[in-house]
Amino acid sequence: RMFAGEGDAFRTNRRFKLLSEDGDATRLSTAFDSVTLYGRDPDPRPDVYGKVGTSGVSVATLDDMRALYDGFDLIAPSTSVSMTINGPAPCVLAFFLNTVIDQAAERGIEPAAALAQVRGTVQADILKEDQGQNTCLFSTEFSLRMMADIQEWFIQQKVRNFYSVSISGYHIAEAGANPISQLAFTLANGFTYVEAYLARGMDIDDFAPNLSFFFSNGMDPE
């Protein structure tokens with residue numbers, strides 16, 4: 001994946017195009033700035049202005065998202081978009097899927113067909129945020145309900161090629177966990193999501209394909 005994000009959406013869009021211009025497939029991994037990660041409005045106030053567009057792209061509106069992926073065919077089988085976002089993941093995901101639907105409409109493709117084809121991942125793992133990074137906007141209980149709401153919507157809309165959560169171990173490792181602890185916390189978090197979704201009445205065969213795991217390079221596959 002081509003991991004990028006800096007400045008405004010237009011600058012990062014140019015970077016994405018540079019990184020992917022010679023590739024047979026387009027695999028975009030998006031880093032968002034801390035203002036976006038905390039769901040703040042990036043207007044020029046002293047408390048956030050110096051962080052806008054630093055170490056990630058600033059995305060606060062649907063127009064920002066459209067500009068970020070302008071020129072990319074988001075429903076092509078060879079395109080996949082990953083977004084590293086957690087607290088405001090529902091809002092950023094809504095921006096992205098609206099961008100997908102708008103792009104499809106310009107080509108006469110129905111929204112249902114576009115949602116069935118779009119590929120990618122939204123991180124959305126609020127449990128590892130609470131444990132390792134702390135870009136939390138809401139309570140854990142409320143965040144889990146929102147994640148379940150999104151997964152239910154994915155099932156209803158037959159979104160099958162997009163991961164609604166990336167259950168992430170690498171931030172737990174960065175917070176100090178050794179490989180064994182990283183694995184234990186990550187699997188426990190995954191079980192928590194499964195239990196929460198089952199408690200909502202979802203069938204595991206309907207939502208399991210929308211779950212992904214991501215460990216740090218320190219993990220030994222053996």
Side-chain angles (χ1 to χ4, degrees), residues 1-7 12 15-16 19-20 23 25-40 51 53-59 68-69 79-93 95-96 118-140 143-144 146-148 150-151 154 161-197 207-222:
R1 288 187 175 275
M2 305 302 178
F3 190 55
E6 186 175 13
T12 301
R15 180 65 175 168
F16 276 147
L19 292 172
S20 62
T26 303
R27 300 285 189 262
L28 308 178
S29 187
T30 311
F32 296 94
D33 67 358
S34 60
V35 181
T36 305
L37 292 175
Y38 282 100
R40 300 293 297 275
K51 295 294 185 180
T54 299
S55 300
V57 62
S58 176
V59 173
L68 180 60
Y69 300 115
T79 300
S80 176
V81 173
S82 173
M83 295 179 288
T84 304
I85 195 76
N86 296 284
C91 296
V92 173
L93 178 61
F95 290 160
F96 177 75
V118 65
R119 297 174 182 274
T121 306
V122 61
Q123 195 166 93
D125 182 357
I126 202 61
L127 295 179
K128 67 90 179 171
E129 284 300 306
D130 187 55
Q131 295 158 353
Q133 278 208 310
N134 199 33
T135 55
C136 302
L137 303 185
F138 312 105
S139 69
T140 302
S143 297
L144 281 171
M146 285 200 297
M147 292 175 68
I150 290 170
Q151 184 56 58
F154 270 35
N161 297 315
F162 201 97
Y163 297 111
S164 68
V165 56
S166 176
I167 305 160
S168 306
Y170 71 102
H171 283 143
I172 298 172
E174 290 175 349
N178 63 36
I180 295 174
S181 297
Q182 178 194 173
L183 179 62
F185 277 112
T186 307
L187 291 178
N189 291 345
F191 291 144
T192 300
Y193 294 130
V194 169
E195 291 167 358
Y197 294 176
F207 67 77
N210 294 118
L211 307 180
S212 70
F213 286 85
F214 188 17
F215 298 100
S216 75
N217 291 334
M219 288 300 301
D220 185 341
E222 297 296 323

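Numbers here simply count residues along the sequence, with the first being 1. Here the structure is a predicted model, which is why all the values come from computation and not from measurement.
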Worksheet item: Passes ring-ring contact (aromatic ring centres under 6.0 Å, His included), Phe162 versus Phe96? Steps please.
Response: CA-CA 12 Å; Phe162 201 97; Phe96 177 75; 5.8 Å; yes
Worksheet item: Looking at Val194, Ile167, Val165, which hits side chain to side chain contact (heavy atoms under 4.5 Å, CB included) with Asn189?
Response: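 The residue from Val194, Ile167, Val165 that satisfies side chain to side chain contact (heavy atoms under 4.5 Å, CB included) with Asn189 turns out to be Ile167.
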Practice prompt. Using side chain to side chain contact (heavy atoms under 4.5 Å, CB included) as the criterion, point out the one residue from Ile126, Asp130, Leu137 that pairs with Ser143.
Written response: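 Exactly one candidate clears the test, Ile126.
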Measure from the side-chain N and O atoms of [X] to the backbone N and O of [Y], and report whether any donor-acceptor pair falls under 3.5 Å.
| X | Y | value |
| --- | --- | --- |
| Ser20 | Phe16 | yes |
| Thr79 | Thr26 | no |
| Ser168 | Ser166 | yes |

Practice prompt. Decide yes or no on side-chain contact (heavy atoms from CB on, under 4.5 Å) for Gln123 and Met83, but give the supporting numbers first.
Written response: CA-CA 6 Å; Gln123 195 166 93; Met83 295 179 288; over 6 Å; no
How many angstroms lie between atom [atom1] of [X] and atom [atom2] of [Y], to the nearest 0.5 angstrom?
| X | Y | atom1 | atom2 | answer |
| --- | --- | --- | --- | --- |
| Leu187 | Thr192 | CG | OG1 | 10.5 Å |
| Glu6 | Thr54 | CD | OG1 | 7.5 Å |
| Arg15 | Phe3 | CZ | CZ | 12.0 Å |
| Leu93 | Ile85 | CG | CD1 | 10.5 Å |
| Tyr38 | Asn86 | OH | CG | 10.5 Å |
| Thr30 | Phe32 | OG1 | CZ | 5.0 Å |

Would you name the heavy atoms of [X] and [Y] that are closest together and state the gap between them?
| X | Y | value |
| --- | --- | --- |
| Pro90 | Gly87 | CD-O, 3.8 Å |
| Tyr193 | Leu127 | OH-N, 3.1 Å |
| Thr121 | Ser212 | CG2-OG, 4.1 Å |
| Ala177 | Gln182 | CB-N, 3.9 Å |
| Thr84 | Leu37 | O-CD2, 3.6 Å |
| Asp33 | Ser58 | OD2-CB, 3.4 Å |

Fill in: Worked verdict on Asn161 versus Val118 for side-chain contact (heavy atoms from CB on, under 4.5 Å)
CA-CA 6 Å; Asn161 297 315; Val118 65; over 6 Å; no
Worksheet item: Are more than 12 heavy atoms from other residues, nucleotides or ligands located less than 6.0 Å from atom OH of Tyr69?
Response: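 Yes, because the 6.0 Å sphere around OH of Tyr69 holds more than 12 heavy atoms from other groups.
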Worksheet item: How about Ser164 and Gln151: does a side-chain donor come under 3.5 Å of a side-chain acceptor?
Response: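 A donor-acceptor contact under 3.5 Å links the two side chains.
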Practice prompt. Please find out if less than 6.0 Å separates the ring center of Phe213 from that of Tyr163.
Written response: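 No: the rings miss the under 6.0 Å criterion.
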Worksheet entry | Ring-ring centroid check Tyr170 Phe214, cutoff 6.0 Å |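 Yes - the distance between ring centres of Tyr170 and Phe214 falls below the 6.0 Å cut-off.
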Discussion item. In terms of relative ring orientation, are Phe207 and Tyr197 parallel, tilted or perpendicular, with 30° and 60° separating the classes?
Written reply: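 Perpendicular: the ring planes of Phe207 and Tyr197 meet at over 60°.
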Practice prompt. Taking salt bridge (Lys or Arg N to Asp or Glu O under 4.0 Å) as the test, write out the residues that go with Arg40, two or more places apart.
Written response: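 In terms of salt bridge (Lys or Arg N to Asp or Glu O under 4.0 Å), with neighbours along the sequence ignored, Arg40 is linked to Asp47.
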Worksheet entry | Side-chain touch Val92/Val122, heavy atoms, less than 4.5 angstrom |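 The answer is no; the side chains never approach within 4.5 Å.
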Fill in: Heavy-atom side-chain proximity of His171 to Gln131 below 4.5 angstrom
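No - every pair of side-chain heavy atoms lies 4.5 Å or more apart.
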